[in-house]
Number of protein chains: 2
Amino acid sequence: MKSGISIRDVAKEAGVGVGTVSRVLNDGSVNELTRSKVIQAMKKLNYEPNFHARMLSIKKTNRVLIIVPEFKTEFHWRILKSFDNILDESNYESVLYPLISEKRLTKLKEDKSLINESDAVIMCTLSLSKTFGLTPRLKKPLILMENRHKNFDSVYVDNFYGGQLAAKMLLENNCHDFFAIQTKETLNLMVSGVMDERLEGFFNLLQEEKISITEDNIVFSDLLIGPSTQKIAQILKKFRKPGIFALTDTFALIVLQVAASLGKIPGKDFFLVGFDNQSWTNQYGLSTIGQPIEEMGARTAELALAKISNPAMSVQHIKLMPVAIKRSSA
Amino acid sequence: MKSGISIRDVAKEAGVGVGTVSRVLNDGSVNELTRSKVIQAMKKLNYEPNFHARMLSIKKTNRVLIIVPEFKTEFHWRILKSFDNILDESNYESVLYPLISEKRLTKLKEDKSLINESDAVIMCTLSLSKTFGLTPRLKKPLILMENRHKNFDSVYVDNFYGGQLAAKMLLENNCHDFFAIQTKETLNLMVSGVMDERLEGFFNLLQEEKISITEDNIVFSDLLIGPSTQKIAQILKKFRKPGIFALTDTFALIVLQVAASLGKIPGKDFFLVGFDNQSWTNQYGLSTIGQPIEEMGARTAELALAKISNPAMSVQHIKLMPVAIKRSSA
DNA sequence: CTGAAAGCGCTTACAG
DNA sequence: CTGAAAGCGCTTACAG
């Protein structure tokens, strides 16, 4: 079945062989005059190369698949952008594969769908075992983001250290009472443990200062109003200069909102450290722990590219360190 | 360049012709015995069809590309899910193309990238003119979601009517003072005007009741704390039973949070109607305007499928009506 | 029901 | 630098 304009039509129009047209398409060595004739012909005929035909003979997709959960924050978008950016420089394209249904997961496992058409695959923020099972066998490089497995390359942030940094910032403000705002991690396929690591780091550093805090000092927030909001309000009213570690900037935002309604001023009436360095935090003076998000995306992209050109490369685990970003709230 | 196992290897292993293998792959009529032999062979050799080869001869991708902005709420995920679901039933796959950079937009316009490999394309929530320009010429069906253009099919919600519904709910609570919480629409490539339509509908119905409200009664919220939060607090304190229309459930959430900190009870001390019927709203008793999100996704998928099988089909504009969802807040 | 063959649109040694 | 030809892995009339 014939369809549009092919390389053959262009060749005829330009009075050259198809090989030559292919060469101008692929930056092969072609006489400048010939090249311009071919380009003319392509324009005239409105030629567009057929991707599938190319893939069929070349056996390389110049794509990398990035599997993501159903995310809702800017975190993933920022990773995606920096990732896509690096890939683009090497003429690669990133293709998003959101795991939005069981069916999609099944397709992925069965190697149907897009996965077949990429040179490498990234799992971003998803648990390997919960998705692919414990020992997936892929024919192409697999890179884990925010997750670790001895057999696969990974890029991740040291969340424990991040928690320590948060404690340190709060201690510097001479806080006496410490609180953490945490979430119940029930997100199906996502990597879990990240929040716990942050909390452990937080506790760890406080303990070094002989400060121990009880379960009562942990507020579980489900991102909404209700009991957690009230508990935050209580803390703000009851304690003098409490130190609060919000395990996510999003939780910190709730604290700020409650505080605003109560007329309490951050950095004065209470101290607050978030986590993520979301883009709005600067404007609102929120001290927070910054993850090197753009760097994660970039390093992952570089790693993918490296693995593609040399699949035999040894497994790498790239650990990135978060940084304390001091602003007015702590 | 040869790579893995091909249909030819399978044919040899099974002792049949390649045509026969192809037929079992495509559910053509094959003798049951022959079929099972072929399937055996495929299993034994661990055969996997080459998508590109198939596309090359079939000239159909069984994919539809869905172009989306950098979204952050469940709205798009829900659309995506129902969309993908319907598509899947017809053996189609949805491919996400987020417009996260200028480069990506350029690629799209130049027909590079994934767009070349889909049978139809959907623009979800994006402005046609701001992305493709006023008169895009595509070789495949294009369907607009939450946007309209006389030359292209579209599926959208009647936001004006939604605003009217919100006003009606508030009026039923005998409110005297009316407020709206709105956002400044500055999102680059997205469809704009949606919020304005809601607001117009809201005003329209109030006017019919001889109620007019001034600019002062509109709070501009940028999703965060600060002046807007304080203004909401003021409203809650100053007015007796104010009626508040939050143009998005997300804004309604802020109102609820401020109210919680102030000890004000929704449905008693003030009345509140949101928009979207986000999944958390039920639990928190927020009255809201529900958009038929799943239906939008489904109808769009159906439309895409119809257009693919009959490109000559006349242009359709499918308008869906929002519905008032009464709960305890109004 | 089934095999042999042509064709889909590209790339890439090969020979010139 | 360039043309003719073979090959990538599939599908699909065609003839049997």
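Order of the sequence lines fixes the chain letters, A, B, ..., with proteins taken first and strands second; residue numbering starts at 1 for each chain.
A close approach under 4.0 Å does not occur between any side-chain nitrogen or oxygen of A/Asn50 and OP1 or OP2 of C/dC8. OP1 and OP2 of D/dC1 both lie 4.0 Å or more from every side-chain N or O belonging to A/Thr34. For B/Ser57 and C/dC8, the shortest distance from a side-chain N or O to OP1 or OP2 is not below 4.0 Å. Between A/Ser29 and D/dC1, a side-chain N or O to OP1/OP2 separation shorter than 4.0 Å is present. Contact check, A/Arg54 against C/dT11: a side-chain N or O comes under 4.0 Å of OP1 or OP2.
Side chain of B/Asp119 to main chain of B/Asn62: a donor-acceptor pair is present (N/O by atom type, distance under 3.5 Å, no hydrogens or angles). Formation of a donor-acceptor pair under 3.5 Å by the B/Lys319 side chain with backbone atoms of B/Tyr156 is not found in this model.
Atom CE of B/Met42 and atom P of D/dG9 are 17 Å apart (whole Å). If you take CG of B/Leu56 and P of D/dT12, they are 12 Å apart, rounded to a whole angstrom. When rounded to the nearest whole Å, the span between CD1 of B/Ile5 and P of D/dC10 equals 10 Å. In this structure, B/His52 places its NE2 atom 16 Å from P of D/dC8, rounding to the nearest Å. Following rounding to the nearest Å, A/Glu48 (CD) and C/dC10 (C1') show an atom-to-atom distance of 15 Å. A straight line from CG of A/Asn26 to C1' of C/dT12 spans 10 Å, rounded to a whole angstrom. In this structure, A/Lys12 places its NZ atom 15 Å from P of D/dG3, rounding to the nearest Å. One interatomic measurement links the two molecules: CG of B/Asp9 to C1' of D/dC10, which rounds to 13 Å at whole-angstrom precision.
Minimum atom distance to the side chain of B/Asn31 is reached by C/dC1, of the listed C/dG9, C/dC1, D/dT2. Comparing C/dT2, C/dT11, D/dT12 by their nearest atom to the side chain of B/Ile58 picks out D/dT12. Out of D/dT12, D/dC10, C/dT2, the shortest distance to the side chain of B/Pro49 is found at D/dC10. Side chain of A/Ser6, nearest nucleotide from D/dT11, C/dC10, C/dT11: C/dC10.
Remark: A/Lys72 NZ is packed, more than 12 non-hydrogen atoms of other residues, nucleotides or ligands lying under 6.0 Å away.
In this structure, B/His76 and B/Phe71 have parallel ring planes: the angle between them is below the 30° cut-off, well short of the 60° mark.
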Would you check, one step at a time, whether the test salt bridge (Lys or Arg N to Asp or Glu O under 4.0 Å) holds for A/Asp88 with B/Arg104? CA-CA 9 Å; A/Asp88 187 81; B/Arg104 284 216 147 206; over 6 Å; no
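Electrostatic pairing of B/Lys81 and A/Glu70 counts as a salt bridge here, judged by a charged N lying under 4.0 Å from a carboxylate O.
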Provide a list of protein-nucleic acid N or O atom pairs under 3.5 angstrom, restricted to nucleotides 13-16 of chain D.
residue: D/dA13; atom: N6; partner: B/Arg23; partner atom: NH2; Å: 3.1

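Between B/Gln278 and B/Thr73, the side chains place no donor N or O within less than 3.5 Å of an acceptor N or O (distance only, hydrogens not considered).
C/dT12 sits 16 Å from C/dG16 when the C1' atoms are compared, rounded to a whole Å.
Figure legend: A/Arg63 and A/Tyr92 shown without cation-pi pairing, the cationic atom not lying both under 6.0 angstrom from the six-membered ring centre and within 45 degrees of its axis.
Residue order along DNA chain D, read from the 5' end via each residue's closest nucleotide, puts A/Gly17 first among A/Gly17 and B/Val21. Residue-to-nucleotide proximity on DNA chain C shows that, of A/Ala53 and B/Val18, the 5′-proximal contact is made by B/Val18.
Of the nucleotides present, D/dC1 is the one that pairs with C/dG16 by Watson-Crick or G-U wobble criteria, both distances under 3.5 Å.
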